[in-house]
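What's counted below: heavy atoms across the whole structure, side chains too, no hydrogens, waters or symmetry copies. Every chain is numbered from 1 and lettered A, B, ... according to where its sequence line falls, protein lines coming before strand lines.
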There are 2 protein chains.
Amino acid sequence: MGATKTDLFTKQQNDIANMAKALAHPARIAILQHLVKINACIGGDLVEELGLAQATISQHLKELKAVGLIQGTVEGTSICYCINPKTWMQYRNLFDKFFDSSVTEGSCC
Amino acid sequence: MGATKTDLFTKQQNDIANMAKALAHPARIAILQHLVKINACIGGDLVEELGLAQATISQHLKELKAVGLIQGTVEGTSICYCINPKTWMQYRNLFDKFFDSSVTEGSCC
DNA sequence: AACATCAATCGTAATATTGCAATATTATGG
DNA sequence: CCATAATATTGCAATATTACGATTGATGTT
């Protein structure tokens, strides 16, 4: 054991969980916030910005790329990263929908 | 190594990451959705509803309780769980704020 | 009290994640 | 082609998460 039993759940549930997983690390949050703030792209200044080793940052970037939250284009020897607006909106919508489920106060224990 | 270096990041970044972590498992998503849908509380029907062992469900419930997303009140031998509307709204707001960062199309690579 | 029921906890195994040093890869400039 | 700079990958160690059987604890029932 130790592995998530994804087959027990709906695709939507696994999707939301995977999205959440992509955001479930402060380094990845910091990367996304930095990219949003700078708006334009940056290279591996992220390594300096956050205090983690280059290899570690690279790994986090890879994860964010894997879920489509960011994109990177080669620019000389460095790589220009930025938010992928399309996926960003998708995330936003899914979370919105998830949380919009009306939670009526006092209808419970 | 292996442990997240939380000290490198802001409280807000760690908060968002922790929230995301709480949602980063399909079983916990399923539990929340079920609680939202039923609106009122339920006992350990969750064990039947999802296909996981009692001990496993209990662990997931504990995590959700730990972040304050759900609350449980004793009701005879069983326990009545339900969404905690206050924390639910907090989550919603934090994610909203996070994703509302305007991502302008085409401003990038 | 004895028993049944449900949930929490303990102990343990399997797997996943995080982090980094070392190495490999890719692109540029000389 | 060679050296350099930037990023990616590999391999490994440490820690975290997931899952479950077995046990314990609490509560209600007979």
Verify the contact: side-chain N or O of [X] to OP1 or OP2 of [N], cut-off strictly under 4.0 Å; return yes or no.
X	N	answer
K21(A)	dA16(C)	no
H60(A)	dT17(C)	no
T56(B)	dC20(D)	yes

**Item:** Counterpart residues, ring pair (Phe, Tyr, Trp, His ring centres under 6.0 Å), relative to F9(A) (two or more places apart)
**Value:** none

**Item:** Those residues that, when tested against Y91(B), pass ring pair (Phe, Tyr, Trp, His ring centres under 6.0 Å) (two or more places apart)
**Value:** none

Would you mind reading off the distance between [X] atom [atom1] and [N] atom [atom2], rounded to a whole angstrom?
X	N	atom1	atom2	answer
L8(B)	dC20(C)	CG	P	8 Å
Q59(A)	dT23(C)	CD	C1'	15 Å
L52(B)	dA14(C)	CG	C1'	15 Å
L23(A)	dT17(C)	CG	C1'	16 Å

**Prompt:** With the threshold set at 4.0 Å, does a side-chain nitrogen-carboxylate oxygen contact exist between D100(B) and R92(A)?
**Reply:** yes

**Complete:** Sorted by chain and residue number, the salt bridge (charged side-chain N to carboxylate O under 4.0 Å, His left out) partners of E75(A) (sequence neighbours excluded) come out as none

**Request:** Using the side-chain hydrogen bond (donor to acceptor under 3.5 Å, both in side chains) rule, collect all pairs that involve residues 13-30 of chain B, keeping only residues at least two apart or in two chains.
**Result:** T4(A)-H25(B), Q33(A)-Q13(B), T10(B)-Q13(B), K11(B)-D15(B), R28(B)-H60(B), R28(B)-E63(B)

**Nearest listed nucleotide, side chain of R28(A), among dT18(D), dT18(C), dA22(C)** = dT18(C)

**Prompt:** Choosing from dC20(D), dA19(D), dG19(C), which nucleotide comes nearest the side chain of H25(B)?
**Reply:** dA19(D)

Taking N or O atoms only and anything under 3.5 Å, show me the protein contacts with nucleotides 4-7 of chain D, one pair per line.
residue: dT7(D); atom: OP1; partner: G44(A); partner atom: N; Å: 2.8
residue: dT7(D); atom: OP1; partner: I79(A); partner atom: N; Å: 3.4

**Item:** side-chain contact (heavy atoms from CB on, under 4.5 Å) partners of Q54(B), counting only residues at least two apart
**Value:** V47(B), S58(B)

